Amino acid sequence: MKNPPSNSPAQAFIREWWSGSAWWIALRAGIFLAISFPPIDLPFMLFLGWMDLQYLLFTNDEKVARNRRLLLFTSLLLWNTLTTYWLLMATVGGGLAAILANSGLMTLALFIARAIVKIFEEQLPKSRWDSMHYWVRPLVWIPVWLAFEYGHHQWDLAWPWLTLANAWASWPWAIQWVEITGYLGASAWTLIIAAWGYEAWVRPVVEDRDEMGVENIAVGSGPSSAPSEAAVGVKSIIVGVILLVGPVSLSLWLDMNRSVEWVTLKNGPSQDVLIIQPNRDSYEPYGGYSSVSELIDSTASLTTQAITERAQRLSTDSLSMREKPVILWPENTLDGALTLQSVEALQMRSFALQWQAHVLTGVGWIDYDESLSQSRHPSLLRTAPSNRTYDVYNAAWHITPSREEPISTYKKANLVPAVERFPFAEELVRLPFADRLPWTSILGFGRGDEPTLFEVEGGQYVAPVICYDSVFSDWVRQYVSSGAQWIAVLTNDGWWGKTIGHVQHYDFARLRAIETRRPIVRAANSGTSGWIDPLGDRQLMSEYGEVSSHWVSIPRQTMGQTFFVKHGNLMGRLVSIWVGLCLTLGFFTHVIGTHKRRKAGL
């Protein structure tokens, strides 16, 4: 029996909203997704964007079906372009490649989800499918997308910038529970609400319209298994309220309790940290100076000025009684290929002694390591004229105010694909004839594999995180699991100019603060420098494009390790297993169904 179309204002609006051009739906989806992210900060628009994507993914309407791939790709391309256009500021070719590749990978993930759904639809009896498709679809496509986000953190083409959880970084009060789930919890919450909105509100209305002969909309459409009035009735509203209000209420409760704990920690002993923002020209060798040594002298002069000005605000006795401060210089401050025995390293040691401070700085570091010949393909080995093997790293040094202690080092682990490291080099070099390529010229930086902690004053452990590292949730988690008490992000966002890139980079670190409940102090070459408390709230944001220095006090005592820090990304592993099962079941279901149809045809 057909259900007459409802004339309620809400349903009339829904009917009209999804009656427009398919291209308009695709374009507005991309716009909704883009304005969800910083700096516009409207994360709730993700719900609307993903309802549009579900419509494009599952409708059988001929206007969409004949252009489905292109419509979805266009929508995702627009999202990627509007949100990460600033990549073009660093390199036009690389930026275009990244935007196109990521859009393509997103489209592929959605079509994998659709393929699995279609297999189940084709193999199940129609009456059974009609009674269960409203929950089967979300149980397939949501885990597929979450597995895509999780996997996109793990491989050589990793680009997790548009992870849905990042859109919520500017609304930390709403997602405090990521200390339990990690970032994937916020992504899952977003998609579950979007799925509820589509299945409970949009699908029944457009199916009513289809039954009246307007057009055929949904996968598996036909007479709806539940009347429209029930779908948009009290039960659906209650479910929606629970899905929305429940997690937000939990977040506010956690925020209240963690705030009390944070106030107590702030009133305890603290570590003085000096953030230096030198604002050097990222495109000029040595930041526009004639040598690395001159660059060090200039940055040291800014540091000395900040220390002197602070000393003038304190009595000499008070200054001498204070613990040794920590000074943060950004990524690439030591803009060269330096060794630990170089003149510049001795120069840095002299300044650390002069200031009686721990200095953490970004550096281009040459590390001579004979063990590389045991672990690397010969074509990937760099060899000095002396026949010593070495590699070049985007690294961080920790110089202590002591002549006896050696310089501690950290090698950046998460390298920007293509820009900092040639993807899949270790695998590609084993292909026939590939070893003839000039790999040492195109390889890029060496990759670190250990989250090294720096020990500063009073037995504190600091996590040195370099630029792109900070968007990798599990990498930062490993630091805190190993004992890090606060996180120092050393970055150079000057490559992108005054675009939205540096704002996004700063805000995404707020998720790391909540996941680990650790303060994050950020030193950026051109900005934005500052620090974030364990609640994800901004405590300091510098002006972009200015030379500046900032003193901050970081509590020495820390909150306990979170569930996420202790147990890792359980949700990522679970959705990966679930998607693997769905793919396996879908494959065998398809094979068996095809065999039965062929047999029946004979």
Side-chain angles (χ1 to χ4, degrees), residues 13-14 17-18 20 22-37 40-59 64 68-69 71-83 102-103 105-114 116-117 133-150 152 160-169 171 174-175 183-206 217-219 236 239-240 243-244 247-248 571 575 579:
F13 173 78
I14 291 170
W17 185 253
W18 273 275
W23 287 104
W24 164 238
I25 294 173
L27 292 175
R28 79 184 183 207
I31 293 170
F32 288 158
L33 295 172
I35 65 176
S36 302
F37 278 69
I40 298 178
D41 298 333
L42 298 174
F44 56 86
M45 297 302 290
L46 288 173
F47 304 142
L48 290 177
W50 275 94
M51 283 193 281
D52 278 339
L53 288 181
Q54 288 174 83
Y55 174 82
L56 295 173
L57 188 62
F58 294 118
T59 182
V64 174
R68 192 188 312 279
R69 291 179 179 83
L71 286 165
L72 278 167
F73 179 76
T74 299
S75 184
L76 297 170
L77 178 63
L78 182 60
W79 173 23
N80 277 263
T81 302
L82 293 177
T83 313
N102 202 54
S103 303
L105 289 170
M106 288 177 165
T107 306
L108 177 62
L110 290 179
F111 270 92
I112 289 173
R114 175 179 165 80
I116 299 172
V117 170
H133 65 79
Y134 63 90
W135 58 264
V136 170
R137 277 198 293 252
L139 277 178
V140 172
W141 75 263
I142 291 177
V144 168
W145 185 267
L146 295 177
F148 163 73
E149 287 195 348
Y150 177 67
H152 214 11
W161 206 267
L162 295 185
T163 297
L164 298 181
N166 287 342
W168 293 97
W171 288 31
I175 54 165
Y183 69 92
L184 270 187
S187 294
W189 178 54
T190 300
L191 297 178
I192 289 169
I193 292 178
W196 164 81
Y198 182 78
E199 296 292 343
W201 291 79
V202 177
R203 180 187 57 80
V205 172
V206 296
I217 295 291
V219 171
S236 293
V239 170
L243 289 175
L244 184 62
V248 172
M571 185 175 291
V575 295
V579 171

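All values below were derived from every heavy atom in this structure, side-chain atoms included, with hydrogens, water molecules and symmetry-related copies excluded. Predicted model only: the values in this text are computed from it and were never measured.
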Undergrad: Is there a side-chain contact between Trp145 and Met106, using heavy atoms and a 4.5 Å cut-off?
TA: yes
Undergrad: Looking at side-chain heavy atoms only, is the closest gap between Leu72 and Arg69 below 4.5 Å?
TA: no
Undergrad: What is the minimum heavy-atom distance between Leu76 and Leu110, and which atoms define it?
TA: CD1-CD1, 4.0 Å
Undergrad: Using only atom types and a distance under 3.5 Å, with no angle test, would you say the side chain of Trp18 pairs donor to acceptor with the backbone of Ile25?
TA: no
Undergrad: Name the residue from Thr74, Leu77, Thr81 that meets the side-chain contact (heavy atoms from CB on, under 4.5 Å) definition with Ser103.
TA: Leu77
Undergrad: Which pair of non-hydrogen atoms, one from Pro138 and one from Pro143, has the smallest distance, and what is that distance?
TA: O-CD, 3.3 Å
Undergrad: Is the closest side-chain heavy-atom distance between Phe148 and Val575 below 4.5 Å?
TA: no
Undergrad: Work out which heavy atom in Ala167 is nearest to a heavy atom in Leu46; give both atom names and the distance.
TA: CB-CD1, 3.7 Å
Undergrad: Check Leu82, Leu42, Asp41 against Ile35 for a side-chain contact (heavy atoms from CB on, under 4.5 Å) and give me the one that passes.
TA: Leu42
Undergrad: Are side-chain heavy atoms of Met51 and Trp17 found at a separation under 4.5 Å?
TA: no
Undergrad: To the nearest 0.5 Å, tell me how far Leu162 CG sits from Glu149 CD.
TA: 9.0 Å
Undergrad: Nearest 0.5 Å please: distance from the OH atom of Tyr198 over to the OH atom of Tyr134.
TA: 15.5 Å
Undergrad: Output the distance between atom CD1 (Ile192) and atom CZ (Phe47), rounded to the nearest 0.5 Å.
TA: 10.5 Å
Undergrad: Got Ile31 and Leu78 here, is their nearest side-chain heavy-atom distance under 4.5 Å?
TA: yes
Undergrad: Can you see which heavy atom on Ala22 is nearest to which on Val64, and at what distance?
TA: CB-CG2, 3.6 Å
Undergrad: What's the separation between atom CG in Leu71 and atom OH in Tyr55, rounded to the nearest 0.5 Å?
TA: 10.0 Å
Undergrad: Quick one: OH on Tyr183 to CG on Asn166, what's the gap to the nearest 0.5 Å?
TA: 9.5 Å
Undergrad: Can you tell if the side chain of Trp189 reaches within under 4.5 Å of the side chain of Leu244, non-hydrogen atoms only?
TA: yes
Undergrad: Specify the closest pair of heavy atoms between Thr163 and Ser187, including all atoms of both residues, with the distance to one decimal.
TA: CG2-OG, 3.7 Å
Undergrad: Is a donor from one side chain sitting under 3.5 angstrom from an acceptor on the other, for Trp50 and Gln54?
TA: no
Undergrad: For residues Trp168 and Thr190, is any side-chain donor paired with an opposing acceptor at under 3.5 Å?
TA: yes
Undergrad: Quick check: closest heavy atoms across Leu57 and Arg68, and the distance to 0.1 Å?
TA: O-NH1, 3.3 Å
Undergrad: Would you indicate whether the side-chain heavy atoms of Phe32 and Trp79 approach each other to under 4.5 Å?
TA: no
Undergrad: Hey, could you give me the CZ/CG distance between Phe58 and Leu53, rounded to the nearest 0.5 Å?
TA: 10.5 Å
